[in-house]
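Order of appearance sets the numbers: ligands from 1, and atoms from 1 within every ligand.
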Amino acid sequence: MDLEHLLNQRVKNIEISGIRKFFNMVSDMDNLISFTIGQPDFPTPLHIKDAGIKAIQSDFTSYTHNAGTAELRQAASNFVARKYNLHYQPESEVIVTTGASEAIDIAFRTILSEDCEVILPGPIYPGYEPIITMMGAVPIHVDTRQNHFRLTLELIKPFITDKTRCIVLPYPSNPTGVSLSKEELKEIAAYLQGRNIFLLADEIYSELTFDRPHHSIGSFLKEQTIVINGLSKSHSMTGWRIGFLFAPENVAKHILKVHQYNVSCANSIAQKAAYEALTTGFSDAESMRNEYAARREYVYNRLQSMKLETVKPDGAFYFFVKIPNEIPLNSFDFALDLVKQTKVAVVPGSAFSPYGEGYFRLSFACSRETLTEGLDRIEQYLQNKN
Ligand SMILES: Cc1ncc(COP(=O)(O)O)c(C=O)c1O
């Protein structure tokens, strides 16, 4: 008997992420060069792996405190205080989560209700919208394309209504690499201060910023901000599934209940490894960041010489590139044509909200040899189109 008709309609309405959809279509191809990767191409640093092994060997394999071990919450609190001037009490304002993904989920499930609105700068990472719609809330996308993908207070203002419950600030951005400056964040914070609106600051790429230090809006407007971070990108630990959520106590205590009924606690072994990452590995991101920065220069120069329009990313490891006007294809068909002709896979911009249409995302989380070969193929493809 088929019971599909009984399933929750909101769940039936959501779709698999466009990134995955495209990757699943092409991943079996021989000789494929994939620029679709959204994770670091470095191994987790050895001392962190060793801490994980030691945790197993010493039987650190039971449930921990729901919010995470005390030592890890303290380490996370110290880390963001020293790096980003964020001040959260480890006992009551820090939650260790199963990746940033769980932090996003439990934050939205705590703050959203039916019909309230969430403002999202588009193009945007596809991990927010399905949770918003599952809550019966309404995603409101702001088109940042006309402003080099920078969300400004002026762009946000027309979308603020009585129903606005939350504004998502995902900087540095996946897919554009754009980050906001201290002044830009301060301006947004000053305007929102005292309004009944939350800010969800997803700062998972904060350690991978290139030209200037990362700033968090949480340092200007703590009472209204939920800060999300994690170790997936900074310490190349995507599979360990460790994220962090920082929120004022009166909000965090409610989010913690959702987290508790969701996962009880984050993985205990990974928590030991995470403690090592945030203490001994305080500066582990540096060498990876330097390598990403060098690749960024290389890719930027190649894209420029191909006359492809893009914004040089401030952080993360992506370029968001405009599909040339001479190629009359939408982003999905473009990516499909490119992979068929050249065996180079990129992510269609439409995977990142309607405001990603007309672009593709190129990840430089791969070796320089791979970048060279893939960019050579793209160059050849464009020449053949002319
Ligand atoms: C902007 C953004 N937020 C959150 C995540 C999810 O991170 P995690 O792997 O820690 O769940 C990603 C992963 O690609 C991301 O790009």
* Asked: Which part of Y128 is near ligand 1, with near meaning a heavy atom under 4.0 Å away: side chain, backbone, both or neither?
  -> side chain
* Asked: Should R295 and D41 be marked as a salt bridge (charged side-chain N to carboxylate O under 4.0 Å, His left out) after you check the CA-CA gap, both sets of side-chain angles, and the distance that decides it?
  -> CA-CA 12 Å; R295 292 179 197 171; D41 57 314; 3.0 Å; yes
* Between L362 and L208, is there a shared hydrophobic cluster once you connect ILVMFWY residues whose side-chain heavy atoms come closer than 4.5 Å? -> yes
* Which atoms from ligand 1 have a heavy atom of G99 less than 4.0 Å away? -> 10 (O), 11 (O)
* Asked: Looking at S101, which atoms of ligand 1 are within less than 4.0 Å of one of its heavy atoms?
  -> 6 (C), 8 (P), 11 (O)
* Should you measure from each heavy atom of I204, which atoms of ligand 1 turn up under 4.0 Å away? -> 1 (C), 2 (C), 3 (N), 10 (O), 15 (C)
* Structure fact -> heavy-atom search around atom 7 (O) of ligand 1 in the protein gives A100 CB, 3.6 Å
* Do K83 side-chain atoms and F282 backbone N/O form a donor-acceptor pair below 3.5 Å? -> yes
* Look at atom 14 (O) of ligand 1 and say which protein heavy atom is nearest, naming residue and atom and giving the distance to 0.1 Å. => K233 NZ, 2.7 Å
* Asked: Taking 4.0 angstrom as the limit, do K340 and D333 come out as a salt bridge?
  -> no
* Structure fact -> A student checking ligand 1 against S232 at a 4.0 Å heavy-atom cut-off should list atoms 8 (P), 9 (O), 10 (O)
* Asked: Can you list the ligand 1 atoms lying under 4.0 Å from a non-hydrogen atom of R241?
  -> 8 (P), 9 (O), 10 (O), 11 (O)
* To do: Look at the aromatic rings of F360 and F334 and report parallel, tilted or perpendicular, splitting at 30° and 60°.
  => parallel
* Please lay out, stage by stage, how F22 and F332 fare under the test ring-ring contact (aromatic ring centres under 6.0 Å, His included). => CA-CA 8 Å; F22 193 76; F332 194 87; 5.7 Å; yes
* Min N/O separation Y125 to ligand 1 under 3.5 Å -> no
* Contact check: D202 vs ligand 1, nitrogen or oxygen atoms, below 3.5 angstrom -> yes
* Could you tell me which atoms of ligand 1, counted from 1 in the order shown, lie closer than 4.0 angstrom to a heavy atom of N174? => 16 (O)
* To do: Check V251, L192, I217 against T225 for a side-chain contact (heavy atoms from CB on, under 4.5 Å) and give me the one that passes.
  => I217
* **Under-4.0 Å heavy-atom contact with ligand 1, by part of E102 that carries it** => neither
* **Backbone N/O of Y171 and side chain of E203: donor-acceptor pair under 3.5 Å** => no
